[in-house]
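Notes follow once the structure below has been shown.
Residue indices begin at 1 and follow the sequence shown.
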Amino acid sequence: MRITTALIIGIIFGLGIALSGMANPAKVLNFFDFAGTWDPSLAFVMGGALITTAIGYRFVFGTRKEPLLAGAFSLPTNREIDSRLVVGSALFGVGWGITGFCPGGAIPAIGLGYGSTFLFMGAMIAGIAVTRTIINARARTVRA
């Protein structure tokens with residue numbers, strides 16, 4: 001049931017990204033082009049997502065002590081702004097600004113046939129693998 005629910009939610013998310021045009025890297029890059037072909041539609045999509053999420057969180061956390069399909073909510077507990085968060089956020093933003101893709105937009109773009117999507121996905125997977133390798137190596141060094 002959890003996998004089916006996750007699949008349905010993923011499909012709805014992907015349809016929303018595709019229908020809003022956010023799977024098109026040119027549309028996203030136009031948002032960052034203030035001096036040229038600026039397109040504010042990304043701000044409206046993000047604002048709509050923020051409002052929807054705020055209402056959903058308020059409803060769920062106001063009415064439930066635990067999720068329907070798990071024993072507990074899985075929420076971040078770290079409230080500290082550390083170097084890992086800052087560097088990771090900066091890398092995410094720079095990558096998004098250069099390519100016009102974020103992971104949420106790239107996965108639906110695979111089905112839309114944008115060739116650059118595969119290059120982005122390969123680079124993203126390589127970046128995740130390198131980061132995990134570095135983090136695991138540091139953890140082993142600290143334990144030793």
For the OG atom of S89 and the CD1 atom of I81, what is their distance to the nearest 0.5 Å?
9.0 Å
How long is the straight-line distance from CZ of F32 back to OG1 of T37, given to the nearest 0.5 Å?
12.5 Å
In terms of hydrophobic clusters joined by side-chain contacts under 4.5 Å, are F92 and V28 together?
yes
Work out which heavy atom in A23 is nearest to a heavy atom in F101; give both atom names and the distance.
O-CE2, 3.6 Å
May I ask whether F13 and L69 are part of the same hydrophobic cluster, defined by side-chain heavy atoms of I, L, V, M, F, W, Y residues being less than 4.5 angstrom apart, directly or through others?
no
Hey, could you give me the CG/OG1 distance between L91 and T131, rounded to the nearest 0.5 Å?
7.5 Å
For atom CZ of R64, is the number of surrounding heavy atoms from other residues, nucleotides or ligands below 6.0 Å larger than 12?
yes
Does atom CG of L7 have more than 12 heavy-atom neighbours, drawn from other residues, nucleotides or ligands, at distances under 6.0 Å?
yes
Do I11 and L19 sit in the same hydrophobic cluster, where Ile, Leu, Val, Met, Phe, Trp and Tyr count as joined when their side-chain heavy atoms come under 4.5 Å apart?
no
Do you know which two heavy atoms are closest between T117 and A106, and how far apart they sit?
CG2-O, 3.1 Å
Taking atom CZ of R138 and atom CZ of R84, what is their separation to the nearest 0.5 Å?
8.5 Å
Sequence neighbours excluded and cut-off under 3.5 Å, please list the side-chain donor-acceptor pairs for residues 53-62, or say none.
| residue | atom | partner | partner atom | Å |
| --- | --- | --- | --- | --- |
| T53 | OG1 | A49 | O | 2.8 |

So side-chain hydrogen bond (donor to acceptor under 3.5 Å, both in side chains) across residues 11-27, not counting sequence neighbours, yields K27-D39, K27-S41
Of all the heavy-atom pairs spanning E80 and L85, show the shortest one and how long it is.
O-CD2, 4.3 Å
Shortest non-hydrogen pair, G71 vs P67, comes out as C-CD, 4.4 Å
Roughly how far apart are L119 CG and M124 CE, rounded to 0.5 Å?
12.0 Å
Is it possible for you to say whether W38 and V45 belong to one hydrophobic cluster, with membership spreading through side-chain heavy-atom contacts below 4.5 Å?
yes
Would you call M121 and I107 a side-chain contact if the rule is heavy atoms closer than 4.5 Å?
yes
To the nearest 0.5 Å, what is the distance between NZ on K65 and CZ on F73?
10.5 Å
In this structure, would W96 and I128 fall into the same cluster of hydrophobic residues linked by side-chain contacts under 4.5 Å?
no
